[in-house]
Amino acid sequence: MKIYADNAATTKISDTALNTMLDCIKNFYGNPSSLYTIGQKAKEKLEEARLSIAEIINAHPSEIIFTSGGSEADNQALLSAAEIGKAKGKTHIISTAIEHHAILHTLKRLEKNGFTVTLLPVKENGIVDADELRAAIREDTCLVTVMAVNNEIGTIQPIKEIGEICREKGVLFHTDAVQAVGHMPIDVKAMNIDMLSASAHKFNGPKGAGFMYARKGIRLTNLIEGGAQEKGKRAGTENVAGIAAMAAALKESVENMQAVNERLTPIRDYIIKGLKEIPHCALNGDERERMCNSISFCFEGIEGESLLILLDQKGISASSGSACTSGALDPSHVLLAIGRVHDVAHGSLRISLGADATMEEADYIIKSVKEVVEYLRGFSPVWRDLTSGKKEFIL
Amino acid sequence: MALYSDKVMDHFLNPRNVGIIEDADGVGEVGNAKCGDIMKMYLKIEDDIIKDVKFETFGCASAIASSSMATEMIKGQPLEQADQLTNKAVAEALDGLPGYKMHCSVLAQEAIHEAIKNYEEKGENKNE
Ligand SMILES: Cc1ncc(COP(=O)(O)O)c(C=O)c1O
């Protein structure tokens, strides 16, 4: 069996998106900035995409800026909000300990440039406490940035509540919604979102296309200087095919959203129940407030990279927050933030299902993970020490 | 491009000399769970020759493959020679390791060294 179960990393492009892309590459190759018909036809594609995306998140088309993906949108949103804050003498930013590196590293850069950053901890269930966030807002807070859905453990953050708090306090609110857009309903008005980042390849669109929503009146700072594309806020000839495909993929994802949610939730819960039977393991993140496709576990006594490679041998593509998988020294900051100690965090596994996952695949995943964990524990000196009582179990 | 060489994959998927030796003459353990790698080597020694060797490893595929390869390289070898096994030799025997995984081969070298040291220390104590 072949199961691609790493949809939080990226998704396979949908046929609709692919066909849109090919059609654009072949038939709408003009430069949208050119004024002859071929150019204007490409421009039309671009504006159709903008309108479609704007409608889906309840924004105005002029509030959508196309980017190369989630990272660029995150960078631009944060740097823009920081500039706005600085002009008013406000240099404090609030975020969380579980953000994507596109946020965390941008915040580090801002810290070097004189900003103060508060990274809120999350509760053991991987969800930020809105009351704690409210309490952290200061007179000089210029921005709150909290992700909508965590990419490693799939927990859904209370962004509507946070949006309300920020609006009430007059602080800009950005959300990295890369894992949420196309997977759960987003309404920037109802959720009081000022800025949002999204990426096409997370909802069956192509890689290299994304967008930022910035509420009207928010002055953006350029990351890329050059031509007047995107109202002068993002230079460079537009990735027309990628953007049109993104819009097509998003439309399709949103149309199927409810059905996919209803279908995947029981499959997800079935896998969670099955994997919980493995001794000395723990589910990462809240059991209910999580994406319908997202499963994350820690298994004591084993290391995640070897687990992944053995699963790959069985045809299952998954991921891990183990340090070894990334070449880093520390395991995932997200797992550490929810209180998993290093020893345990190294033994993590993330399974993120595709929309077409089946119960049969779920059974195969459960069976395979059980086998592989047992096999690796069979020659793990850590497991021996745990089972012989030399060390105490953590999970 | 595959992450690992065929040799690494072979030793990871079919590790040689896995397990423990209950009455080992020397045992060496290196690494720590915090960093995500622990390697433990068990040696059975007769007339200064490594008669048998087994390992247990908690770690990534290259750590497991490095342990497996290292045990093969020292089995049947005189102690002195085994103690001179370098991490480079282990990595080369595996047809190379990705740069950031070289420390796995270092662990294998160190685990063997620790196990031999443990054996020698035991011997010294006996003579006291
Ligand atoms: C939460 C989150 N933010 C940002 C990104 C970066 O998006 P992209 O790969 O499109 O730059 C990702 C995906 O890797 C993500 O999961």
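Throughout, a chain's letter reflects where its sequence line sits, starting with A, and its residues are numbered from 1.
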**Report entry** Stepwise side-chain hydrogen bond (donor to acceptor under 3.5 Å, both in side chains) test for A:R268 and A:N293
**Finding:** CA-CA 6 Å; A:R268 174 200 71 189; A:N293 71 339; over 6 Å; no
Query raised in the report: Pick one: which of B:E80, B:K75, B:Q81 meets side chain to side chain donor-acceptor pair (under 3.5 Å) with B:Q77?
Result: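 When B:E80, B:K75, B:Q81 are each tested with B:Q77, the side chain to side chain donor-acceptor pair (under 3.5 Å) holds only for B:Q81.
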Requested in this report: For B:D95, enumerate each residue passing the side chain to side chain donor-acceptor pair (under 3.5 Å) test, keeping only those at least two apart in sequence or located in another chain.
Outcome: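 Side chain to side chain donor-acceptor pair (under 3.5 Å) list for B:D95, sorted by chain: empty.
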Report task. Please flag which part of A:L310 lies under 4.5 Å from any non-hydrogen atom of chain B: side chain, backbone, both or neither. Result ->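 Both backbone and side chain.
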Requested in this report: Below 4.5 Å from any heavy atom of chain B, which atoms of A:R384 appear? Answer side chain, backbone, both or neither.
Outcome: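 Side chain only.
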Requested in this report: I would like to know whether B:N87 and B:S105 meet side-chain hydrogen bond (donor to acceptor under 3.5 Å, both in side chains); could you show each step before the answer?
Outcome: CA-CA 5 Å; B:N87 79 294; B:S105 61; 3.1 Å; yes
Query raised in the report: Do the ring planes of A:H333 and A:H101 sit parallel (below 30°), tilted (30 to 60°) or perpendicular (above 60°)?
Result: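 Rings of A:H333 and A:H101: tilted, 30 to 60°.
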Report task. Verify the ring-centre separation between A:F299 and A:W383: is it less than 6.0 angstrom? Result ->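 Centroid separation for A:W383 and A:F299: 6.0 Å or greater.
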**Report entry** Nearest atoms (heavy-atom pairs only) where B:Y4 meets B:A61
**Finding:**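 For B:Y4 versus B:A61, the nearest heavy atoms are CE1-CB, 3.7 Å.
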Query raised in the report: Which answer fits B:K54, side chain, backbone, both or neither, if we ask what part of it has an atom under 4.5 Å from a heavy atom of chain A?
Result: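 Interface part for B:K54: neither.
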Report task. Below 4.5 Å from any heavy atom of chain A, which atoms of B:I20 appear? Answer side chain, backbone, both or neither. Result ->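 For B:I20, the contact with chain A is made by the side chain alone.
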Requested in this report: Could you go through the side-chain hydrogen bond (donor to acceptor under 3.5 Å, both in side chains) check for B:S67 and B:T57 one step at a time?
Outcome: CA-CA 7 Å; B:S67 330; B:T57 293; 2.8 Å; yes
**Report entry** chain A contact residues among residues 38-50 of chain B, heavy-atom distance under 4.5 Å
**Finding:**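 Interface residues of residues 38-50 of chain B: B:I38, B:K40, B:Y42.
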